[in-house]
Amino acid sequence: MAARIEHLVTSGTFSLDGGAWDVDNNVWIIGDDHEVIVVDAAHDAGAIADAVGGRTLRAIVCTHAHNDHIDAAPELAARTGAPILLHPDDLPLWKQTHPDRTPDGELADGWVLAVAGVELSVLHTPGHAPGAVCLHAPALSALFGGDTLFAGGPGATGRSWSDFPTLVDSIRERLLTLPGDTVVHTGHGDTTTVAAEAPHLQEWIDRGF
């Protein structure tokens, strides 16, 4: 059976720099009836485990280590035996949420993860966080972008560990070079496409957003 993309929304709190905000997160499940990968285990390990069902969970991929994207990862790993994968540049952020549990493996630019006959290439896209990554699945015309790029603009850079010029460079060089029909499956909110966002890059730069 062909690989497909499944979508789950979970709700919780994002906390950083002494502040806390209620958020809804997108959890993406890529695979088929037999095996899957979860992108960003947010808030509710039970709900994510239920969505996975009896399928083999090959990996829990963290697009970055802000707490709202990783808070359920250790419990989901304990339930399923799946490894947690994170880019090492985000370990300082990870330790703020899980000081006694380290990820099981590292992500690196250019690495390829495979599930259900589909390859997902790791793109290191720092800026929103130093170890932020996106996963590009050409066979699905899909990009799993975390908080790097949203419908209407780049991810936030107003808090610790973020940098706007770095994020703009990541988007320009790594994401807007992808085919225009690539669907961007975001960490929050609606999906978009590369073609929909590409014309607005200079606007974001001019506004500092």
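Nothing here was measured: the structure is a model prediction, and the numbers come from that model.
Linking Ile, Leu, Val, Met, Phe, Trp and Tyr residues whenever their side-chain heavy atoms come within less than 4.5 Å places L123 and L149 in a single cluster. Both L120 and L107 are members of a single hydrophobic cluster when ILVMFWY side chains are connected at heavy-atom separations under 4.5 Å. No single ILVMFWY cluster, assembled from side-chain heavy atoms under 4.5 Å apart, contains both L85 and L91. When the side chains of ILVMFWY residues are joined at heavy-atom separations under 4.5 Å, either directly or via intervening members, I37 and V118 end up in a single hydrophobic cluster. Note on I30 and L8: separate hydrophobic clusters, where clusters join Ile, Leu, Val, Met, Phe, Trp and Tyr whose side-chain heavy atoms are under 4.5 Å apart, directly or indirectly.
In this structure, T63 and F144 approach most closely via the heavy-atom pair CG2-O, 4.5 Å. In terms of heavy-atom proximity, A77 sits nearest to R101 at CB-NH2, 3.6 Å. The two atoms that bring T13 and A20 nearest to each other are CG2-CB, 3.7 Å, heavy atoms only. Annotation for G189 and N26: closest pair O-ND2, 2.9 Å, computed over non-hydrogen atoms. S160 approaches L16 most closely through the heavy-atom pair O-CD2, 4.0 Å. Scanning all heavy atoms of the two residues, the minimum distance from A132 to T148 falls at CB-OG1, 4.2 Å.
L76 contributes atom CG, which lies 5.5 Å from atom CG of L57 (distance to the nearest 0.5 angstrom). For the atom pair CD1 (I171) and OG1 (T166), the distance works out to 11.0 Å, reported to the nearest 0.5 Å. In this structure, CG on L86 lies 7.0 Å from CD1 on I70, to the nearest 0.5 angstrom. Rounded to the nearest 0.5 angstrom, L93 CG and C62 SG are separated by 11.5 Å.
At least one side-chain heavy atom of I84 sits under 4.5 Å from a side-chain heavy atom of W94. In this structure, I29 and I5 have side chains that are not in contact, with every pair of non-hydrogen atoms separated by 4.5 Å or more. Under the 4.5 Å side-chain criterion, counting only non-hydrogen atoms from C-beta, W161 is in contact with P92. Between L175 and L143 there is a side-chain heavy-atom pair separated by less than 4.5 Å. Counting only heavy atoms from C-beta outward, the side chains of L176 and L201 approach each other to under 4.5 Å. Contact check for I48 versus V38: side-chain heavy atoms found under the 4.5 Å cut-off. Between Q202 and D206, the closest side-chain pair of non-hydrogen atoms falls below 4.5 Å.
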Is there a side-chain contact (heavy atoms from CB on, under 4.5 Å) between R159 and F14 once you walk through the steps?
-> CA-CA 12 Å; R159 302 186 180 97; F14 167 54; 3.6 Å; yes
Evaluate side-chain hydrogen bond (donor to acceptor under 3.5 Å, both in side chains) for E203 paired with H200, printing each intermediate quantity in order.
-> CA-CA 5 Å; E203 298 172 23; H200 304 291; 3.1 Å; yes
In sequence, state the C-alpha distance, the side-chain angles, and the governing distance for H69 and H188, and then conclude on ring pair (Phe, Tyr, Trp, His ring centres under 6.0 Å).
-> CA-CA 10 Å; H69 291 256; H188 308 272; 5.1 Å; yes
Could you walk me through whether H7 and V9 pass the side-chain contact (heavy atoms from CB on, under 4.5 Å) test, one step at a time?
-> CA-CA 7 Å; H7 178 213; V9 177; 3.5 Å; yes
Should V39 and V27 be marked as a side-chain contact (heavy atoms from CB on, under 4.5 Å) after you check the CA-CA gap, both sets of side-chain angles, and the distance that decides it?
-> CA-CA 6 Å; V39 177; V27 179; over 6 Å; no
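Between H185 and W28, the angle of the ring planes goes over 60°, which puts this pair in the perpendicular group of the 30/60° scheme.
A donor-acceptor contact shorter than 3.5 Å links the side chain of S170 to the backbone of P126. At least one donor-acceptor pair closer than 3.5 Å links the side chain of H124 to the backbone N or O of P130. A donor-acceptor pair is defined here as one N or O able to donate and one able to accept, closer than 3.5 Å; such a pair exists between the side chain of R55 and the backbone of D32. With N25 contributing its side chain and T10 its backbone, the two residues share no donor-acceptor pair below 3.5 Å. D40 places no side-chain N or O within donor-acceptor distance of the main-chain N or O of A42, the cut-off being under 3.5 Å. Checked by atom type and distance alone, the side chain of N67 never pairs as donor or acceptor with a backbone atom of T97 at under 3.5 Å.
Just one of L167, V168, D147 meets the side chain to side chain contact (heavy atoms under 4.5 Å, CB included) condition when paired with P154; it is L167.
Atom CG of D190 sits in a sparse spot, with 12 or fewer heavy atoms from other residues, nucleotides or ligands closer than 6.0 Å. Heavy-atom neighbours of E119 CD from other residues, nucleotides or ligands within 6.0 Å: at or below the threshold of 12.
With salt bridges taken as basic N to acidic carboxylate O contacts below 4.0 Å, one links D109 and R174. The existence of a salt bridge linking R4 and D33 is confirmed by a sub-4.0 Å separation between a basic side-chain nitrogen and an acidic carboxylate oxygen. Between E35 and R58, at least one side-chain N (NZ, or NE/NH1/NH2) sits under 4.0 Å from a carboxylate O, which counts as a salt bridge.
In this model, no donor atom of one side chain and acceptor atom of the other lie less than 3.5 Å apart for T182 and S141. A donor and an acceptor atom, one from each side chain of D90 and H64, are nowhere located under 3.5 Å apart.
Annotation: H128 is in aromatic contact with H66 [ring centroid separation under 6.0 Å].
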